[in-house]
J.: 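Take this structure first; my questions come after.
In what follows, residues are counted from 1 in the order of the sequence shown.
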Amino acid sequence: QSYMLALVAALGALYALALAVEPLRHFFELTPLAGGQLFLSLLSAAGGLVLASAIWRLPQIEALETEVQEHSPPSDGQTPAGRMPAPTTAREAARTARAAAPPRHSPRPPAPPRAEEP
C-alpha cells in the first residue's frame with residue numbers, strides 16, 4: 001500500500017514541476033488552480049487513497065491476495081510443472097548466476113608431501 005502513496009506523491013510532484021516550469025506549463029496548456037480548486041483536488045486524491053486502503057482490507061480482497069501468493073512459484077525457481085526453463089528478469093538471472101557460480105574462497109587442496117633427502 002505504500003507504493004500507492006509514493007505513486008500519488010510522485011504524480012503530484014510532476015504536476016507541480018510542470019506548473020512551475022513555464023515552457024512545460026505552456027506545452028501541456030496548464031493553468032494554475034485557485035486555492036479552493038487545489039484544496040478540492042487534493043482532498044479528492046486523499047479520499048481515493050483512504051477508500052482504496054479500506055477496500056484493500058476487505059476479507060474478500062485479502063482472500064484473493066493470499067490465493068495468489070499460495071499459487072505463485074516458490075523462490076527457488078520451482079514451478080508446479082518443474083524447474084523454470086530460464087530466468088524471466090534480470091534480478092532472477094543474477095541470482096541464478098550467483099547460485100551456479102563456484103564459491104569464491106574454495107579451500108586449497110593439500111600440498112603433496114615433499115621428498116625427503118637421503
J.: Is Leu14 reachable from Phe28 through a run of hydrophobic residues whose side-chain heavy atoms are each under 4.5 Å from the next?
T.: no
J.: Between Val21 and Phe27, is there a shared hydrophobic cluster once you connect ILVMFWY residues whose side-chain heavy atoms come closer than 4.5 Å?
T.: yes
J.: Is it possible for you to say whether Leu7 and Leu49 belong to one hydrophobic cluster, with membership spreading through side-chain heavy-atom contacts below 4.5 Å?
T.: no
J.: Closest heavy-atom contact between Ser41 and Leu33?
T.: OG-CD1, 4.1 Å
J.: Taking all atoms of both residues into account, what is the closest heavy-atom pair of Pro32 and Arg25, and its distance?
T.: CD-CD, 4.4 Å
J.: Hydrophobic clusters here meaning ILVMFWY residues chained together by side-chain heavy-atom distances under 4.5 Å, can you tell me if Phe39 and Leu42 are in one?
T.: no
J.: In terms of hydrophobic clustering (I, L, V, M, F, W, Y; side-chain heavy atoms under 4.5 Å; direct or indirect links), are Leu11 and Leu17 co-clustered?
T.: no
J.: Quick one: closest heavy-atom pair of Thr31 and Tyr15, and the distance?
T.: O-OH, 4.2 Å
J.: Would you say the side-chain atoms of Ser44 pair up with the backbone N or O of Leu40, donor to acceptor, closer than 3.5 Å?
T.: yes
